[in-house]
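The basis for the numbers below is simple: all heavy atoms, side chains too, and nothing from hydrogens, waters or symmetry mates. As the structure is a prediction and not an experimental result, all values here were calculated from the model. Reminder, nothing fancy here: chain letters follow the sequence lines and each chain counts from 1.
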There are 2 protein chains.
Amino acid sequence: MPRVSDMKERLMDAAMDLIWENSYGATSVDAICERAGAKKGSFYYFFKSKSELAAAALEGCWNKKKAEMDSIFSPTVPPLERFDRYFDFVHDRLAEVQQKCGSILGCPFISVGSEVSTQDQIVRETIDRIMDRKLNYFVSAVRDAVAEGLVDAPDPVAKARALFSCYQGMMAQARIQNDIELLRGFKGVAMEVLGVKRAPALSSS
Amino acid sequence: MPRVSDMKERLMDAAMDLIWENSYGATSVDAICERAGAKKGSFYYFFKSKSELAAAALEGCWNKKKAEMDSIFSPTVPPLERFDRYFDFVHDRLAEVQQKCGSILGCPFISVGSEVSTQDQIVRETIDRIMDRKLNYFVSAVRDAVAEGLVDAPDPVAKARALFSCYQGMMAQARIQNDIELLRGFKGVAMEVLGVKRAPALSSS
DNA sequence: AAAATACTTGACTGATCAGTCTACATAGAT
DNA sequence: ATCTATGTAGACTGATCAGTCAAGTATTTT
């Protein structure tokens with residue numbers, strides 16, 4: 001195989017950045033090409049439509065985060081500490097992005113999902129799948145917490161879903177209000193929603 | 001004052017319908033005009049931009065709902081029953097809209113807010129204000145529930161915020177998954193998040 | 001009757017949109 | 001050396017975008 005190009009990745013990264021910062025609708029193919037340093041021809045060489053690129057970019061975004069998620073939600077970590085670490089991680093990540101672009105961007109999957117759900121099946125299904133995978137981390141952690149007697153939950157899946165909804169709602173609000181403070185206090189809210197019996201001593205800062 | 005026209009309201013309604021069903025970005029001024037039976041000139045006679053119309057339409061949407069909210073969250077209704085009635089109301093409303101347009105549309109304020117927050121200050125601030133007013137209903141109800149000893153909450157505002165986030169997250173997910181079932185089970189989730197001591201006997205079905 | 005207010009009309013502009021197409025470049029394989 | 005696969009370049013298309021504008025109509029006030 002001749003020359004290998006990193007243009008496909010550059011286009012996906014550029015698309016993800018722009019879509020997350022602005023929105024799917026407000027992000028043009030021209031703008032994506034410009035940021036990626038590509039020309040139109042390259043774009044349509046790799047992707048057959050804007051919508052297909054968006055789906056690929058979102059999937060790629062998830063794949064990048066997956067390793068980190070696996071580490072944070074590792075079964076070797078005490079279940080409640082997983083949430084603690086995760087919300088710290090998200091906070092730090094959003095704060096870092098805010099330095100670059102000046103806004104709290106929240107979760108791209110919720111924002112873009114809400115935006116395109118009625119108009120773009122490809123993107124909608126991609127996001128649906130990703131959200132489900134994300135939820136699974138919560139479910140395992142809640143199950144483990146129940147097993148260790150840290151949390152009372154007759155239905156761990158329902159509990160995990162409740163926390164997941166709460167997390168998503170908070171992220172959406174953080175974006176709308178452009179306020180990271182909502183995230184800062186979320187660890188406490190999470191423990192309350194889980195109905196933690198007594199706060200465990202955590203090792204991390 | 002000469003002739004009175006209902007075109008302003010027609011434009012606002014048309015805009016709200018289209019933006020809620022699709023998105024802000026995917027809704028063109030031409031499409032709004034067509035649905036309202038207006039011509040371009042009329043549009044720009046009443047509104048100086050698409051963004052200003054969107055803000056007006058969202059504000060108008062809230063004003064229409066306000067009376068219903070006041071009734072549901074009336075202090076004469078037992079506090080926990082307010083939530084019960086509200087989530088029933090939202091469920092029925094979304095189911096009704098689904099009949100017309102085939103999709104679960106969720107909450108327009110969250111969807112549009114997430115979409116435009118970084119791009120349109122006018123709309124962003126409008127939504128921020130509306131969400132805050134909505135939250136206040138939750139806060140009062142939680143306070144009353146605490147006063148009646150139905151709920152334990154050292155910080156009723158935090159509790160209300162937690163439930164509000166959870167509600168919003170669930171609505172966003174309902175739209176993304178195009179699934180109303182999430183709403184059906186929400187009343188139970190809400191009571192759990194509130195940490196209701198014992199389920200009170202409710203009068204409504 | 002005339003003037004003023006409150007709209008309505010629809011053609012128009014220039015920018016931008018997603019997507020197409022042909023020609024070309026660069027690399028490894030033979 | 002040349003052939004082939006993998007890209008790249010960028011001009012182009014036709015549709016659609018938000019927004020403008022000058023001219024018109026209907027209604028009430030004076």
Side-chain angles (χ1 to χ4, degrees), chain A residues 1-58 60 112 115-116 118-124 126, chain B residues 1-58 60 112 115-116 118-124 126:
Chain A
M1 63 209 81
R3 162 165 56 140
V4 275
S5 166
D6 63 343
M7 188 54 84
K8 194 171 181 180
E9 281 67 39
R10 296 228 310 275
L11 283 165
M12 279 168 32
D13 289 347
M16 198 60 224
D17 286 355
L18 291 171
I19 291 171
W20 193 18
E21 180 165 350
N22 303 104
S23 67
Y24 177 77
T27 301
S28 72
V29 172
D30 284 336
I32 295 167
C33 287
E34 198 189 333
R35 172 177 279 236
K39 297 291 149 107
K40 268 283 178 63
S42 295
F43 184 104
Y44 286 99
Y45 174 75
F46 290 110
F47 303 98
K48 58 183 222 268
S49 69
K50 177 187 169 185
S51 147
E52 201 186 64
L53 163 70
L58 288 159
V112 178
E115 182 187 351
V116 307
T118 60
Q119 306 162 61
D120 193 313
Q121 272 307 96
I122 309 172
V123 176
R124 212 212 99 243
T126 303
Chain B
M1 65 213 79
R3 162 164 58 138
V4 274
S5 166
D6 64 342
M7 188 55 85
K8 195 171 180 178
E9 281 68 39
R10 296 227 310 275
L11 283 165
M12 278 168 33
D13 290 347
M16 198 60 223
D17 286 355
L18 291 170
I19 290 171
W20 192 17
E21 180 166 350
N22 302 104
S23 66
Y24 177 77
T27 301
S28 72
V29 172
D30 284 336
I32 295 168
C33 287
E34 199 189 333
R35 173 179 275 236
K39 298 291 151 108
K40 269 283 179 62
S42 295
F43 185 104
Y44 286 98
Y45 174 76
F46 289 109
F47 303 98
K48 58 182 222 269
S49 69
K50 177 187 168 186
S51 148
E52 200 185 66
L53 163 71
L58 288 159
V112 178
E115 182 188 351
V116 307
T118 60
Q119 305 163 60
D120 192 313
Q121 273 306 97
I122 308 172
V123 177
R124 213 212 98 243
T126 301

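Atom CG in A/Leu18 sits about 16 Å away from atom C1' in C/dC17, given to the nearest Å. Per the geometry, CG belonging to B/Asp120 stands 13 Å off P belonging to D/dA18, to the nearest Å. For the pair B/Glu34 CD and C/dG10 P, the interatomic distance rounds to 14 Å; values are reported in whole Å.
Contacts of residues 38-52 of chain A with DNA chain C (heavy atom under 4.0 Å): A/Lys40, A/Gly41, A/Tyr44, A/Ser49, A/Lys50. Within residues 19-32 of chain B, no residue has any heavy atom closer than 4.0 Å to DNA chain C.
Under 4.0 Å is where a charged nitrogen must lie from a carboxylate oxygen, and between A/Arg10 and A/Asp6 at least one such pair does.
Distance alone, capped at 3.5 Å, places no donor-acceptor pair between the A/Ser42 side chain and the A/Ala38 backbone. A donor-acceptor distance shorter than 3.5 angstrom exists from the side chain of A/Lys50 to the backbone of A/Tyr24, with no hydrogens or angles considered. Although no hydrogens or angles enter the test, the distance criterion places no donor-acceptor pair under 3.5 Å between the side chain of A/Lys40 and the main chain of A/Cys33.
Side-chain contact of A/Asp120 with A/Ser51: a donor-acceptor pair under 3.5 Å is present, judged by distance alone. At a cut-off of 3.5 Å, with distance as the only test, no side-chain donor of A/Glu21 or B/Thr118 sits close to an acceptor on the other residue.
Atom CG of A/Leu53 and atom CG of A/Leu58 lie 9.0 Å apart (nearest 0.5 Å).
The number of heavy atoms from other shown groups lying within 6.0 Å of CD (A/Glu9) is above 12.
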